[in-house]
Amino acid sequence: ISDSNIIFSCFYAPKGMVATILNEKKSKIQLIAPSYLLEEVMEHLPSLMKNTNRTEKQALDFLKNIIKNITFYSKKDILKKYGDKAEKIVVDIDIDDAPFVAFYLQYKHKIWSGDKELRKGLTAKGYGHFFVTTEELRQKLYKKQ
């Protein structure tokens, strides 16, 4: 499950490992995300454009390219019990991360996130196993056949 900050990091490091993983053509990794991720990225698009010297068209084209291998699901796809549980888990960390945690609870895919506060907060509550690191994904992609 890709978290929003994974997309943000691609804007700042378009040739970095995160962007490389997202752009992998024949990926062995199934990437999913709540459609909320797109809402959050669009909300921050003006600052991303400014900080990376991109026009709106360039930023939108870049975004379209880096999300092409992600399957998006609506918040409506989250069962209420998982949405409610996720909100209780993240209420004192960052409520905006509830959709990502709900997706973990429902789909059992690990969350790929660079959000240190989220990782720290969830790990302190005993949920550190919810995450996958960029290095773990890189190893899965480039494992020798």
Side-chain angles (χ1 to χ4, degrees), residues 1-79 82-83 85-87 89-125 127-145:
I1 301 166
S2 177
D3 192 355
S4 304
N5 62 49
I6 292 298
I7 305 303
F8 297 147
S9 71
C10 291
F11 274 87
Y12 294 104
K15 295 191 186 311
M17 182 51 61
V18 171
T20 300
I21 291 169
L22 282 173
N23 283 315
E24 186 69 26
K25 287 178 178 47
K26 295 179 182 173
S27 182
K28 299 172 191 146
I29 300 168
Q30 178 186 11
L31 296 167
I32 66 171
S35 57
Y36 170 73
L37 177 148
L38 294 172
E39 295 170 29
E40 196 170 23
V41 171
M42 293 308 291
E43 178 182 319
H44 294 280
L45 196 64
S47 62
L48 288 169
M49 289 165 36
K50 180 181 176 192
N51 294 334
T52 62
N53 294 317
R54 288 183 172 91
T55 65
E56 184 174 7
K57 182 180 181 340
Q58 289 170 328
L60 290 172
D61 287 347
F62 182 76
L63 177 61
K64 182 179 174 184
N65 186 51
I66 60 173
I67 65 169
K68 69 182 178 288
N69 292 325
I70 301 174
T71 302
F72 289 93
Y73 293 93
S74 169
K75 279 176 138 178
K76 295 176 205 165
D77 294 324
I78 299 172
L79 296 175
Y82 297 123
K85 183 173 181 181
E87 286 180 9
I89 291 171
V90 301
V91 69
D92 59 344
I93 302 168
D94 184 350
I95 198 69
D96 289 341
D97 289 317
F100 303 102
V101 173
F103 267 46
Y104 172 83
L105 295 170
Q106 182 164 324
Y107 297 110
K108 304 299 186 236
H109 290 281
K110 291 192 175 191
I111 302 168
W112 181 24
S113 177
D115 184 336
K116 291 177 183 154
E117 288 303 311
L118 177 64
R119 291 180 74 102
K120 181 179 164 187
L122 289 181
T123 300
K125 291 182 173 194
Y127 300 111
H129 62 283
F130 282 18
F131 297 98
V132 65
T133 66
T134 298
E135 180 58 24
E136 289 169 324
L137 291 175
R138 187 193 70 73
Q139 288 175 5
K140 284 184 180 184
L141 276 177
Y142 301 109
K143 206 180 268 188
K144 290 185 178 178
Q145 301 297 327

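We count residues from 1, following the sequence as given.
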Side chains of [X] and [Y]: closer than 4.5 Å at any heavy-atom pair?
{"X": "Ser113", "Y": "Asn5", "result": "yes"}
{"X": "Val90", "Y": "Leu122", "result": "yes"}
{"X": "Ile67", "Y": "Leu38", "result": "yes"}
{"X": "Leu37", "Y": "Phe100", "result": "yes"}
{"X": "Trp112", "Y": "Phe131", "result": "no"}
{"X": "Phe62", "Y": "Pro14", "result": "yes"}
{"X": "Asp3", "Y": "Leu118", "result": "yes"}
{"X": "Ile111", "Y": "Asp97", "result": "no"}

May I ask you to establish whether Lys75 and Tyr36 are in a cation-pi arrangement, using a distance under 6.0 Å from NZ or CZ to the six-membered ring centre and at most 45° from the ring axis?
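Relative to the ring axis of Tyr36, which defines the angle, Lys75 lies inside both limits.
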With a sphere of 6.0 Å drawn around [atom1] of [X], does it hold more than 12 non-hydrogen atoms of other residues, nucleotides or ligands?
{"X": "Lys68", "atom1": "NZ", "result": "yes"}
{"X": "Lys64", "atom1": "NZ", "result": "no"}
{"X": "Glu135", "atom1": "CD", "result": "yes"}

Taking the six-membered ring for Trp, are Tyr127 and Phe130 ring centroids under 6.0 Å apart?
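Here the rings of Phe130 and Tyr127 have centres that are less than 6.0 Å from each other.
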Counting the benzene-type ring for Trp, do His109 and Tyr104 have ring centres under 6.0 Å apart?
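His109 vs Tyr104: aromatic centres not under 6.0 Å.
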Test side chain to side chain contact (heavy atoms under 4.5 Å, CB included) on Thr133 and Arg119 and set out the steps.
CA-CA 11 Å; Thr133 66; Arg119 291 180 74 102; 3.6 Å; yes
Closest heavy-atom contact between [X] and [Y]?
{"X": "Glu87", "Y": "Ala98", "answer": "CG-CB, 3.8 Å"}
{"X": "Leu22", "Y": "Ile7", "answer": "CD1-CD1, 3.9 Å"}
{"X": "Ile70", "Y": "Ile32", "answer": "CG2-C, 3.9 Å"}
{"X": "Pro99", "Y": "Ile95", "answer": "CD-O, 4.3 Å"}
{"X": "Ala33", "Y": "Ser2", "answer": "CB-O, 3.7 Å"}
{"X": "Ile78", "Y": "Ala102", "answer": "CG2-CB, 3.7 Å"}

For [Y], does its backbone N or O pair with a side-chain atom of [X] as donor and acceptor, under 3.5 Å?
{"X": "Arg138", "Y": "Thr20", "answer": "no"}
{"X": "Gln58", "Y": "Thr55", "answer": "yes"}
{"X": "Asn51", "Y": "Ser47", "answer": "yes"}
{"X": "Asn65", "Y": "Asp61", "answer": "no"}
{"X": "Gln106", "Y": "Leu79", "answer": "yes"}

Quick one: [atom1] on [X] to [atom2] on [Y], what's the gap to the nearest 0.5 Å?
{"X": "Ile1", "Y": "Gln30", "atom1": "CD1", "atom2": "CD", "result": "10.0 Å"}
{"X": "Ser9", "Y": "Met17", "atom1": "OG", "atom2": "CE", "result": "12.0 Å"}
{"X": "Asn53", "Y": "Leu48", "atom1": "CG", "atom2": "CG", "result": "12.0 Å"}
{"X": "Thr123", "Y": "Lys116", "atom1": "OG1", "atom2": "NZ", "result": "13.5 Å"}
{"X": "Glu24", "Y": "Asn69", "atom1": "CD", "atom2": "CG", "result": "8.5 Å"}
{"X": "Glu43", "Y": "Ser4", "atom1": "CD", "atom2": "OG", "result": "9.5 Å"}

Before giving the answer on salt bridge (Lys or Arg N to Asp or Glu O under 4.0 Å), spell out for Lys125 and Asp92 the whole-Å C-alpha distance, their side-chain angles and the decisive distance to 0.1 Å.
CA-CA 11 Å; Lys125 291 182 173 194; Asp92 59 344; 2.5 Å; yes
Quick one: do Met42 and Leu63 satisfy side chain to side chain contact (heavy atoms under 4.5 Å, CB included)? Show the steps, please.
CA-CA 10 Å; Met42 293 308 291; Leu63 177 61; 4.0 Å; yes
Taking ring pair (Phe, Tyr, Trp, His ring centres under 6.0 Å) as the definition, give me every residue that meets it alongside Phe103, ordered by chain and number, with sequence neighbours left out.
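Checked Phe103 against ring pair (Phe, Tyr, Trp, His ring centres under 6.0 Å); matches are Tyr107.
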